[in-house]
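Accompanying notes for the structure given below.
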Amino acid sequence: MGRYPCCKVNNDLKKGPWTSEEDEKLMENIQEHGHGNWQLVPKRAGLNRCGKSCRLRWTNYLRPDVKRGAFSIEEEETIINLHSVLGNKWSRIAAHLPGRTDNEIKNLWNTRLKKKLLKSGIDPNWDKDFHGATAPILAESSRIVIHDRERWDTPAPSMVQCTSDERKLQ
DNA sequence: AAACTTTACAACCGCAAGTCT
DNA sequence: AAGACTTGCGGTTGTAAAGTT
């Protein structure tokens with residue numbers, strides 16, 4: 001399988017934060033032509049960026065349906081539950097949260113939710129050790145019914161991580 | 001007020017899988 | 001069938017902003 005070469009091959013391509021002019025060019029171009037082939041997007045838009053960088057900027061920031069701003073408690077609870085079922089499948093978790101991107105959710109998890117769970121006495125890395133066994137515990141604690149039970153096939157071992165009070169999320 | 005630390009988030013990198021020729 | 005190319009994903013990093021000493 002081939003690797004995605006653009007950034008490596010052409011070292012002249014710009015990296016780092018996007019300027020408002022670049023955003024504008026990318027927005028205008030995609031709204032006019034659609035993205036189609038991402039390799040062509042920067043050329044067409046007159047941007048000195050690789051296609052990968054353009055795609056990321058569009059999907060995580062510029063897309064009109066991206067919801068900006070803080071996550072609600074409900075959204076956080078949904079993420080915690082979905083993560084207990086799906087693990088680090090950020091794109092699949094994002095699919096359940098309209099307007100939220102996988103990158104945003106991943107960031108939220110790594111910076112805040114993980115610590116929140118640890119504080120509550122729950123190991124956020126449960127899936128590495130227990131193959132999904134904590135899913136019902138987490139689901140119970142945040143009061144959200146999860147219909148996607150694909151990871152729950154494994155029978156739960158007898159495992160009590162903490163009391164129900166400790167389990168309550170902040 | 002300055003220096004240092006922590007937090008939050010945008011963006012990059014490498015890999016794997018899908019598609020095309 | 002095989003290799004080249006493209007896309008999407010997840011891990012990680014860089015850094016600005018906020019908080020603390």
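Predicted model only: the values in this text are computed from it and were never measured. So you know, we letter chains A, B, ... as the sequences are listed, proteins then strands, and number each from 1.
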Checklist outcome for this item: To the nearest angstrom, the CD-C1' distance between A/Gln39 and C/dA4 comes to 13 Å
Checklist entry - Would you say A/Trp109 reaches C/dG10's phosphate, i.e. side-chain N/O to OP1/OP2 under 4.0 Å? => result no
Item to check | Between CG on residue A/Asn37 and NZ on residue A/Lys43, distance to nearest 0.5 Å | outcome: 8.0 Å
Checklist entry - Rounded to whole angstrom units, what separation is found between the CG atom of A/Asn37 and the C1' atom of B/dG18? => result 14 Å
Item to check | Letter per nucleotide, 5' to 3', of nucleotides 5-11 of chain B [B base touched, S only sugar-phosphate touched, - untouched; heavy atoms, 4.0 Å] | outcome: --SBBBB
Checklist entry - Expressed in angstrom and rounded to an integer, what is the separation of A/Ile93 atom CD1 from C/dG11 atom P? => result 10 Å
Checklist entry - Parallel, tilted or perpendicular for A/His83 and A/Trp109, by the 30°/60° rule? => result parallel
Checklist entry - Less than 4.0 Å between a side-chain N and a carboxylate O, is that true for A/Arg44 and A/Glu28? => result no
Checklist entry - What is the distance from NE2 of A/His83 to P of C/dG11, rounded to the nearest Å? => result 8 Å
Checklist entry - Between A/Ile79 and A/Val85, is there a shared hydrophobic cluster once you connect ILVMFWY residues whose side-chain heavy atoms come closer than 4.5 Å? => result yes
Checklist entry - Are A/Lys116 and A/Glu76 within salt-bridge range, i.e. N to O under 4.0 Å? => result yes
Next on the checklist: Rounded to whole Å, how long is the line connecting atom CH2 of A/Trp58 with atom C1' of C/dT7?
Outcome noted: 17 Å
Next on the checklist: Using whole Å, what does the distance between atom P of nucleotide B/dC12 and atom CG of A/Asn110 come to?
Outcome noted: 18 Å
Checklist entry - Quick one: side-chain contact (heavy atoms from CB on, under 4.5 Å) partners of A/Thr19, sequence neighbours excluded? => result A/Lys14, A/Glu21, A/Glu22
Item to check | A/Ser91 vs C/dC9: side-chain N/O to OP1/OP2 distance below 4.0 Å | outcome: yes
